[in-house]
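Written below as structure tokens is the structure these notes are about.
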Protein chains: 2
Amino acid sequence: MSPNLQARFFEAPVPLTELPTPCLLLDESRLERNAARLAAHWKDSSVCLRPHLKTCRCWEVARRILPSATSPCTVATMGEAEAVASLGARDIVLAVGIRPSLFARARALMEQGTDLKVLLDSRTMAQALADYAREQGCTFSVLLEIDCDGHRAGLAAQDPELVQVADLLRAAGQTVAGVLTHAGSAYDCPDVASILALAEQEQEAALQAAALLRSRGHACPIVSVGSTPTALLGTPRSGISEVRAGVYLFMDLVMEGLGVCTLDDLALSVLTSVIGGFPEQGRQPARLLTDAGWAALSSDRGLERRFASQGFGLVCTMEGSLLPGIRVAELNQEHGMLSVTAHPDEEVRETLMQLRADSRLRILPNHACATAMMHQSFYLVRNNRAVALLPRFGGW
Amino acid sequence: MSPNLQARFFEAPVPLTELPTPCLLLDESRLERNAARLAAHWKDSSVCLRPHLKTCRCWEVARRILPSATSPCTVATMGEAEAVASLGARDIVLAVGIRPSLFARARALMEQGTDLKVLLDSRTMAQALADYAREQGCTFSVLLEIDCDGHRAGLAAQDPELVQVADLLRAAGQTVAGVLTHAGSAYDCPDVASILALAEQEQEAALQAAALLRSRGHACPIVSVGSTPTALLGTPRSGISEVRAGVYLFMDLVMEGLGVCTLDDLALSVLTSVIGGFPEQGRQPARLLTDAGWAALSSDRGLERRFASQGFGLVCTMEGSLLPGIRVAELNQEHGMLSVTAHPDEEVRETLMQLRADSRLRILPNHACATAMMHQSFYLVRNNRAVALLPRFGGW
């Protein structure tokens, strides 16, 4: 394993007061609980869990949730695929549409023994892939992307082009490994009932597309669905072979807002130092400044149309207790501006009045993927002490 | 110089079709023109330009704008300060409030011969710094932050606490190097006249604060102002000793929206591949998918209340010609969703209909600092060919 991707466990647990700020904290027990929840939801099905590593981008986290290093996983970039392959992964889905500038890198991974499956949803791209494969004398394993909800990409489950693309690939000697869909519109669901309905729609689209392809002689072994809300709440149907999810490991304010989890499930937070706005001379603090700007939190506004009151994040004590009445109201690059309601609870008021030059707070992020992306590593936290530094991999 | 921060110039210019995507392009001639513009604006004053390197985070760019490696510069994090010090910088302002967890690193930089100036705006932090300095037997050089516009941080120019903080530092044997203010509310200015007025207000606040401190026996040699809009448009006043700006080197859609520059000044763009939504079978393309999601562009919405039509970025051909009627409408982590108006210009329509599997576009970002932050390096572009790979430094 590349040394700079290796977790570094500390000889003794480190108090949070001794960590540099801003930094990313990952609560170990919540991570484990979140991982166990998805596994339990699908345990009676024959489905294979294929965790999406784009959220954690961390091999130590992946190893804790994968049955073995070579178990199926999902990534979002070729850089992530190369990183996990170098760490031992052997069965990888690259779940963002392939493009010609990645063909050579995909081939290199396959030549090194990785079962890499690439994704596409157009004859344009299928033809380009087939042309490249013919030139190079190689065989790609291809998943066809299905659009289950008009969210982003993919062909409709009944689109005749789906069969045309599959036929084109087969004729060019390529492997049609199956179909993949992603219910990205789960983030727009107004309630849990809508998520349940969307999960059904997601599975139905994948099953329909697979049935269509099979009726034309394509074996279509993989039928892959997933998004954290639909994977955690949907009712498993027979015929689905794989489920993908990523943010379920960390959870965030978006997932809490959707009703997928509670605030107590949020495993990821940003540790920050108060750098200004101290309540000096008994003044009521109205505007606290921290060192966690968008460079540490991202500019992701989450579900702001529905949860505007959360701003760019909710605020906790260093130990993780929520401070009601405070939110991250504005962000600059390296400044977080916390706003305090005029009349916070007595307990919150007490906490604020005790802020000193070395005081620290924790921010619960809107969007775990986006916040994690701003950091090179996490501190793994056990009982409010850091026990390890976990490097993140990534890039394109 | 650390080899991984060294620019790598290519033996021959590389066509943009051969670069991996998504990637960051930096147009050399626009960079040079933007740098020259700020220098020209202040050339008749005795002001020292102290470029803010938080935008570029790149020593090759810094070296092109600094008179020498040891010339004054500004940074936003201790990690940036340590990086530029290791590269030869000797006169550094850390323009975000200092906090105790950084005291030891600041001292280490000073002991290595760097003239590092730190920033604070409260007795709380001044006392913590003084206590640390006494324990360690060291002397910090401190700038006092002045609030010129209620934007973020600082003490009002006439706040009695300003003198108290300065006196506290002096009594503790620390150096009061001067005052610093930042007209961050320039981003809220409705027109250029407002920016001009704000620039005057910014300079006035800094001059007033310096006068107050001098009346109490503090020499206050540094009187530092800056933000890209006020630095480029404001009328220089006597007594201002330093001007800071960062985004002026790259410009972006926010600066264009504020009237500070034109679209032709934008030096930074993201090169992206089209991965889906091809206009096959003569269909009108309505939703193009690219590989530049928020992981490549950031989630920064710029001045969305004023320029909602720009979405997350404007779209150009690979060569940089604007495609009117197209914008980045939505972003996922690794997907950019471009929306096309129902009736684009004939020329734009033509361009879209010619999209192939290996087609590339360029995205002009809302906020150059935020977009650049998502990348480890730039490609320096001369005449639409990449001539070098420039690594970025950073971290906290």
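Chain identifiers are assigned alphabetically (A, B, ...) following the order of the sequence lines, protein sequences preceding nucleic acid strands; residue numbering begins at 1 within each chain. Excluded from the calculations below are hydrogen atoms, water molecules and symmetry mates; all remaining heavy atoms, backbone and side chain alike, are included.
- Proximity to chain B (any heavy atom under 4.5 Å) is shown, for A:H151, by both the backbone and the side chain.
- Interatomic distance, CD1 of A:I275 versus CG of B:L120, reported as 10.5 Å (0.5 Å rounding).
- Interface residue B:M337: only side-chain heavy atoms are found under 4.5 Å from chain A.
- Residue contact with chain B, scored on non-hydrogen atoms closer than 4.5 Å, is absent for A:M78.
- Summarising the geometry, atom CG belonging to A:D358 is positioned 8.5 Å from atom CE belonging to B:M125; distances are rounded to the nearest 0.5 Å.
- Between chain B and the residues A:A296, A:G184, A:A95, A:S298, the most heavy-atom pairs under 4.5 angstrom are made by A:A296.
- If you measure heavy-atom distances from A:D121 to chain B, the contacts under 4.5 Å come from the side chain alone.
- Counting heavy-atom pairs closer than 4.5 Å to chain B, the top residue among A:A128, A:A357, A:S299 is A:A357.
- Counting heavy-atom pairs under 4.5 Å between each of B:D291, B:T77, B:D300 and chain A puts B:D291 at the top.
- Of all the listed residues (A:S273, A:C369, A:A126, A:G395), the one sharing the greatest number of non-hydrogen pairs under 4.5 Å with chain B is A:C369.
- In this structure, A:F278 and B:S122 approach most closely via the heavy-atom pair CD1-OG, 3.6 Å.
- In this structure, the portion of B:Q376 lying under 4.5 Å from any heavy atom of chain A is its side chain and not its backbone.
- Note: A:Q333 leads A:R105, A:Q127, A:M373, A:Q333 in heavy-atom pairs under 4.5 Å with chain B.
- Note that CD of A:E80 is 6.0 Å distant from CD of B:E334, once rounded to the nearest 0.5 Å.
- For a residue to count as touching a neighbouring chain, one of its non-hydrogen atoms must lie under 4.5 Å from one of that chain's; by this rule A:E145 does not touch chain B.
- For B:D131, no part lies under 4.5 angstrom from a heavy atom of chain A.
- Between chain A and the options B:P22, B:A295, B:S101, B:P20, heavy-atom pairs under 4.5 Å are most frequent for B:P22.
- Minimum heavy-atom separation, A:T21 to B:W396: O-CB, 4.4 Å.
- At a 4.5 Å heavy-atom cutoff, the contact between A:R152 and chain B is made by backbone and side-chain atoms alike.
- Listed options B:G97, B:P100, B:A76 were ranked by heavy-atom pairs under 4.5 angstrom with chain A; first place goes to B:P100.
- Heavy-atom pairs under 4.5 Å with chain B peak, among A:I98, A:V96, A:T17, at A:V96.
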